[in-house]
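Below: the structure, in structure tokens.
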Amino acid sequence: MQVAVVTFDGFNELDSFIASALINRCRGDGLEAFITTPTPVVTSMNGVEVTGQRPLEFLTEADVVLIGSGVKAREVVADDQLISELRLDASRQLIGAQCSGALVLARLGLLDGMPACTDLKTRPFVEARDITVLDEPFHAEGNIATAGGCLASQYLATWVITRTLGEDAARTVLDYVSPVGENQETIERALRAVHSVEGALT
């Protein structure tokens with residue numbers, strides 16, 4: 001199973017890297033994440049240049065698509081050509097958004113009829129699209145999920161791992177990356193946040 005972590009110019013490192021790093025701890029179980037970019041190289045909000053691992057064309061074959069956030073999110077949603085390249089299918093893909101990535105899902109019509117989570121700065125722009133923003137770090141309905149706050153990217157990754165490989169796999173990953181001495185509370189908090197999402201991607 002392949003995960004596309006969509007990463008635009010001006011991206012937030014925490015959002016893209018935490019999700020991809022956690023998911024890639026499941027490579028041995030057949031789940032792998034790739035930084036997916038619209039151009040060969042993108043530059044983060046803090047000036048870190050990253051070479052994409054996959055182009056946007058990869059989205060059509062990915063089993064999971066996570067839309068990262070960044071300081072240029074409003075430019076992204078205003079770019080008709082770029083938006084047209086984001087070919088997503090919620091009937092067969094798990095689709096998630098981190099912080100301002102919710103704006104992209106909203107532009108694509110994937111949040112119609114459901115509330116979303118996002119960061120405080122992005123909130124008014126999401127609400128301007130008639131979408132209710134929750135005071136929560138994570139929300140999922142069916143195959144669509146949104147997370148709010150940089151460190152909530154761990155919840156997005158937990159959701160992906162739980163839905164594709166099961167809760168035990170998520171617990172194993174979280175146990176490894178948890179702060180020493182806080183393993184159990186970290187695991188339970190993450191699983192509680194994603195409401196122990198049921199089912200697996202088929």
Side-chain angles (χ1 to χ4, degrees), residues 1-112 114 116 118 122 126 129 140-147 153 156-165 200-202:
M1 292 170 286
Q2 301 183 107
V3 181
V5 180
V6 182
T7 303
F8 300 109
D9 207 40
F11 72 96
N12 183 316
E13 300 95 332
L14 292 174
D15 296 345
S16 289
F17 294 157
I18 290 176
S20 61
L22 293 181
I23 291 167
N24 277 329
R25 290 194 174 277
C26 299
R27 279 195 187 115
D29 294 317
L31 181 65
E32 188 168 9
F34 301 91
I35 299 296
T36 303
T37 57
T39 55
V41 176
V42 291
T43 303
S44 79
M45 60 191 293
N46 293 308
V48 179
E49 291 188 351
V50 172
T51 300
Q53 296 173 292
R54 294 289 187 276
L56 288 185
E57 289 81 4
F58 173 63
L59 296 185
T60 59
E61 59 185 276
D63 303 288
V64 181
V65 177
L66 301 181
I67 307 292
S69 74
V71 294
K72 297 184 178 180
R74 282 183 285 161
E75 294 176 31
V76 170
V77 298
D79 188 332
D80 293 339
Q81 176 60 41
L82 182 54
I83 289 295
S84 71
E85 296 176 32
L86 303 178
R87 301 183 182 93
L88 309 183
D89 183 355
S91 69
R92 68 170 187 85
Q93 295 173 312
L94 294 181
I95 300 172
Q98 178 66 41
C99 292
S100 61
L103 280 174
V104 177
L105 295 195
R107 170 70 198 274
L108 293 171
L110 292 171
L111 296 181
D112 292 350
M114 67 177 284
T118 191
T122 306
V126 175
R129 292 177 176 268
E141 291 185 16
N143 286 349
I144 306 291
T146 53
S153 52
L156 206 54
T158 298
W159 176 71
V160 170
I161 296 168
T162 302
R163 285 290 304 271
T164 55
L165 298 176
L201 186 63
T202 58

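A quick note: this is a predicted structure, and the numbers were derived from the prediction, not measured. When a residue number appears, it is its place in the shown sequence, counting from 1.
Rounding to the nearest 0.5 Å places OG1 of Thr37 at 9.5 Å from CZ of Phe11. Here Arg25 contributes atom CZ and Ser20 contributes atom OG; the two are 11.0 Å apart, rounded to the nearest 0.5 Å. If you take OG1 on Thr158 and CG on Leu22, they are separated by 6.5 Å, rounding to the nearest 0.5 Å. To the nearest 0.5 Å, the span separating CD on Glu49 from CG on Asp9 amounts to 9.0 Å. In this structure, CG in Leu165 is found 5.5 Å from CG in Asp29, a value given to the nearest 0.5 Å. Summarising the geometry, atom CG belonging to Leu82 is positioned 7.5 Å from atom OG belonging to Ser84; distances are rounded to the nearest 0.5 Å.
What you find for Ala140 and Trp159 is that their closest heavy atoms are CB-NE1, 3.7 Å. Closest non-hydrogen pair, Thr122 versus Ser100, comes out as OG1-CB, 3.3 Å. Here the closest non-hydrogen pair linking Ala19 and Leu66 is CB-CD1, 4.2 Å. Here the shortest heavy-atom pairing between Val42 and Pro38 reads CG1-CD, 4.3 Å. Between Val104 and Phe8, the shortest heavy-atom contact is CG2-CE1, 4.3 Å. The shortest heavy-atom contact between Leu111 and Ala102 is CD1-O, 3.5 Å.
Glu13 places no side-chain N or O within 3.5 Å of a backbone atom of Ser44 that could act as its donor or acceptor partner. Looking at Gln98, its side chain never comes within 3.5 Å of a backbone N or O of Ser69 through a donor-acceptor pair. A donor-acceptor pair is defined here as one N or O able to donate and one able to accept, closer than 3.5 Å; such a pair exists between the side chain of Thr7 and the backbone of Val5. A donor-acceptor contact shorter than 3.5 Å is absent between the side chain of Asn46 and the backbone of Val48. Under a 3.5 Å cut-off, the side chain of Asp63 and the backbone N or O of Gln2 do form a donor-acceptor pair.
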Practice prompt. Could you walk me through whether Glu141 and Ile144 pass the side chain to side chain contact (heavy atoms under 4.5 Å, CB included) test, one step at a time?
Written response: CA-CA 6 Å; Glu141 291 185 16; Ile144 306 291; 5.7 Å; no
Discussion item. As a quick check of understanding, evaluate side chain to side chain contact (heavy atoms under 4.5 Å, CB included) for Leu94 and Met1, giving each step before the final call.
Written reply: CA-CA 11 Å; Leu94 294 181; Met1 292 170 286; over 6 Å; no
Item to complete: Would you check, one step at a time, whether the test side chain to side chain contact (heavy atoms under 4.5 Å, CB included) holds for Glu32 with Val3?
Response: CA-CA 6 Å; Glu32 188 168 9; Val3 181; over 6 Å; no
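Looking at Thr118 and Thr146, their side chains never come closer than 4.5 Å, going by heavy atoms from C-beta outward. The shortest side-chain heavy-atom distance between Asp89 and Thr60 does not fall under the 4.5 Å cut-off. No side-chain heavy atom of Leu59 sits less than 4.5 Å from a side-chain heavy atom of Arg87. Contact check for Cys99 versus Asp15: side-chain heavy atoms found under the 4.5 Å cut-off.
Within 6.0 Å of CZ in Arg74 there are 12 or fewer heavy atoms belonging to other residues, nucleotides or ligands.
Listed by chain and number, the residues in a side chain to side chain donor-acceptor pair (under 3.5 Å) with Thr51 amount to none (sequence neighbours excluded). When the side chain to side chain contact (heavy atoms under 4.5 Å, CB included) test is applied to Asp80, the partners found at least two apart in sequence or on another chain are Arg107.
No option in Leu108, Leu105, Asn143 other than Leu105 meets the side chain to side chain contact (heavy atoms under 4.5 Å, CB included) test with Ile95.
Screening residues 66-89 for ring-ring contact (aromatic ring centres under 6.0 Å, His included), with sequence neighbours left out, gives no hits.
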